[in-house]
Amino acid sequence: MWINQGTSRKASLWNRIQLSCGNVTMEITQQDVEKVAQLARLAVTPAEKDTFAKQLSQILKHVDKLNQYETTGVEPTSTVMGQVNVFREDVIRPSLSSDKALANAPEREADGFVVPKIVEER
Amino acid sequence: MSLHKLSLIELQRKFKAGEVTAAEIVRAYSLRISQIEPKVRAFVTHTQESTSMQAESLDQKLKSWRKTMPLSGMPLAIKDNICTDGVFTTCSSRMLQNFVPPYDATVIAKLRAQDYILLGKTNLDEFAMGSSTENSAFGPSRNPWNLQCVPGGSSGGSAAAVAAEECAAALGSDTGGSIRQPAAFCGVVGLKPTYGRVSRYGLVAFASSLDQIGPITRNVSDAAFLLGAIAGHDPLDSTSIDRPVPDYMKSLQKRDLKNLRVGVPVEFFTEGLDPEVEQAVRSAIEELRHLGAEVKEVRLPRTDAAVAVYYVIATAEASSNLARFDGVKFGFRAKETKDLLELYIKTRQEGFGPEVKRRIMLGTYVLSAGYYDAYYGKAQAVRTLVCQDFEAAFKEVDLIVTPTTPTPAFRLGEKSEDPLQMYLSDVFTISVNLAGLPAISLPCGFSKAGLPIGLQLIGRGFEEETVLRAAHAYEQSAQWHQKKPTIR
């Protein structure tokens, strides 16, 4: 696809936009909500599933507007005021003491955070 | 005269001249807060006790060495998503209800170095997500002009506290209008600086490519004064820009607007704009012309897309930024979980409110496999078009003038059931964040029901001086800032 030039490449992009239009207008189902909640590490109650499905569908329908705008060849914007990556020397500087860093821990033991066991027993 | 009636600069002059002590200032504001706060509920955390001690030691220090800094003794309120060392920073969320930051945000370190006085932390929509403070886990703040109305959001607590004279000035943060919209609803001045003008270090991140801290004040001079105190490059925020901070107070000296070209974007004056708001803004534009500005129409044709772009980009960034709230190192942790996955899920389920969850879900969805290009990629490309609109307009004019909001403050509960309607109310402020530009909101009149109406002035990147100069000239001629609410 990449080596195709001119109209054929345009056509393929157009197909992609068409395809994405198809996705966009699709209603968000309760199954979608469940899947996204899982990805986001959230749980949803059956009532929330219903509300979120309706509200997210409504919001995404509004987002559909974006497809009215032709963006072929338009550079995406991720930063606006000419910011560039900033490098600095890797030097040791004063930092928080471990006591301060642990002060907000929900659960601590000595100089560590306590979490449920991660590694499973064989 | 009651000290709480003075503007930041008036109070500063009195303090500098030794006519008033820090302890007296704190006493006056403590009294004011105790009278007003039960009605307005602008604050999440009060710091009266530590504040009194702070004031006394400041007075002691100044006795032996009478050298004040610009913000010495000045009583400010800070939005509760800006980290304050040793003082609760909750983001109005159950997730951070007991969080005490071990460090100061850079803006706070700057204020502290000048011996400012922290009166308290102000209410916001949870994690700054909302336009009314109704999404606060601790209950909404009220609009001082009408307690049945919202103060706007997300910096609603800061704007309400300034309008109700519960602090001399405040800091807010603005991701899609969160300084300007509540400033408009509460009849005060709110300035969103250029992206990169003020350090975001220590501001709890919502949408990192859009967030910016700025002042909320009683008048334009105070905003210029406070901006000067917080602006500047910070090695701890690599998106802050290394360029000199001008003397913003100087930019106010020129009172006429000759040689200033002001653009009125036709797209902002369409259906959905409240007729009273339109009339007030049109009169303000006439006033700018009267002050010497050359007024002409400009076009920002992609304005219509801004809300859609914003709610893809902001939620995508939020879903990533809020992944850190996992119940491990700080913040809320759910009880009785059997494994790590359940710890994450229960903690986030119980710690976040509905709007935060909705935005995390939307952001996760638009970034998920198969949708990334169609939503996130597309939104970033349309964001470029929105920026190009402003670039083209700023070739013809030096300043763009619009209403800040389509309507005056709405009633509590009026929009809380309909997220999309709530999002659409940010239509006039959002594109400014997408383009990273500086913009101010200041009062330009009142509705028949007595609610304030806001005028928005937008400048080129890093041209806060032009924005402030025009805002100041208009304010001094129109004098709307003299009108104060009767709180009942």
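Letters A, B, ... mirror the listed sequences (proteins, then strands); counts begin at 1. Keep in mind the model is a prediction, meaning the values are calculated, not measured.
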Exercise. What part of L341(B) is in contact with chain A, defined as an atom under 4.5 angstrom from a non-hydrogen atom: side chain, backbone, both or neither?
Worked result: side chain

For this session: Just give me the residue among E317(B), K329(B), R348(B) that pairs up with chain A most often, heavy atom to heavy atom, under 4.5 Å.
Result: K329(B)

Problem set entry | Among the listed options P106(A), G82(A), S78(A), the residue most often paired with chain B at heavy-atom distances under 4.5 Å | P106(A)

Seminar exercise, completed: Interface check, chain A: of F352(B), Y423(B), Y103(B), most non-hydrogen pairs under 4.5 Å belong to Y423(B)

Exercise. Hey, are the side chains of K378(B) and V74(A) touching, using non-hydrogen atoms and a 4.5 Å cut-off?
Worked result: no

Exercise. Angle class for the F394(B)/F390(B) ring planes (parallel below 30°, perpendicular above 60°, tilted otherwise)?
Worked result: parallel

Problem set entry | chain A contact via L424(B) - side chain, backbone, both or neither, heavy atoms under 4.5 Å | side chain

Problem set entry | Side chain, backbone, both or neither of S319(B) within contact of chain A (heavy atoms, under 4.5 Å) | neither

Exercise. Tell me, side chain or backbone of Q38(A) under 4.5 Å from chain B's heavy atoms, or both, or neither?
Worked result: neither

Seminar exercise, completed: Distance col, row I241(B):CD1 vs Y195(B):OH, nearest 0.5 angstrom, shows 9.0 Å

Exercise. Using 4.0 Å as the upper bound for N to carboxylate O, is an ion pair formed by E107(A) and R333(B)?
Worked result: yes

Exercise. Checking side-chain hydrogen bond (donor to acceptor under 3.5 Å, both in side chains) against K49(A), which of E34(A), Q31(A), Q30(A) comes through?
Worked result: E34(A)

For this session: Quick one: which of A305(B), C387(B), S209(B) has the most heavy-atom pairs under 4.5 Å with chain A, could you say?
Result: A305(B)

For this session: Look at A379(B), G461(B), A435(B) and state which one has the largest set of heavy-atom pairs under 4.5 Å with chain A.
Result: A435(B)

Exercise. With only heavy atoms counted, which part of K100(A) is less than 4.5 Å from chain B, the side chain, the backbone, both or neither?
Worked result: both

For this session: Using the six-membered ring of Y69(A), assess whether NZ or CZ of R302(B) lies under 6.0 Å from its centre and within 45 degrees of the ring axis.
Result: no

For this session: Check each atom of L96(A) against the heavy atoms of chain B and say whether the ones under 4.5 Å are side chain, backbone, both or neither.
Result: side chain

Exercise. Any chance the side chains of E464(B) and T194(B) put a donor and an acceptor closer than 3.5 Å?
Worked result: yes

Seminar exercise, completed: To the nearest 0.5 Å, atom CG of L56(A) lies from atom CG of D32(A) at 9.5 Å

Problem set entry | Contact origin within E417(B) toward chain A - heavy atom pairs under 4.5 Å | backbone

For this session: Identify which part of S240(B) has an atom lying under 4.5 Å from any heavy atom of chain A, answering side chain, backbone, both or neither.
Result: neither

Exercise. Donor-acceptor pair, E267(B) side chain versus L300(B) backbone, under 3.5 Å?
Worked result: yes

Problem set entry | Test of ring centre spacing under 6.0 Å for F127(B) and F325(B) | yes

Problem set entry | Heavy-atom proximity to chain A below 4.5 Å, by part of D326(B) | neither

For this session: Using non-hydrogen atoms and a 4.5 Å limit, figure out which bit of I118(A) sits close to chain B: side chain, backbone, both or neither.
Result: side chain

For this session: Please flag which part of E75(A) lies under 4.5 Å from any non-hydrogen atom of chain B: side chain, backbone, both or neither.
Result: backbone

Problem set entry | chain A contact via V386(B) - side chain, backbone, both or neither, heavy atoms under 4.5 Å | neither

Problem set entry | Residue among T364(B), V307(B), L343(B) with most heavy-atom pairs under 4.5 Å to chain A | T364(B)

Exercise. Side chain, backbone, both or neither: which part of A43(A) has a heavy atom under 4.5 Å from chain B?
Worked result: both

Problem set entry | Heavy-atom contact with chain A under 4.5 Å, split by part of V312(B) | side chain

Problem set entry | Region of P235(B) in contact with chain A, defined by heavy-atom distances below 4.5 Å | neither

Exercise. Between atom CD of Q55(A) and atom CD of E48(A), what is the distance when rounded to the nearest 0.5 Å?
Worked result: 10.0 Å

Exercise. Is chain A contacted by the side chain of D242(B), its backbone, both, or neither, given a heavy-atom distance below 4.5 Å?
Worked result: neither

Exercise. How many angstroms lie between CG in D211(B) and OG1 in T175(B), if you round to the nearest 0.5 Å?
Worked result: 3.5 Å

Exercise. Chain B heavy atoms under 4.5 Å from F52(A): which part of the residue, side chain, backbone, both or neither?
Worked result: side chain

Exercise. Quick one: are R200(B) and T239(B) in side-chain contact, heavy atoms under 4.5 Å?
Worked result: yes

Exercise. Donor-acceptor pair, T384(B) side chain versus Q380(B) backbone, under 3.5 Å?
Worked result: yes

Problem set entry | Interface residue of largest heavy-atom contact number with chain B, from A40(A), S97(A), A105(A), under 4.5 Å | A40(A)

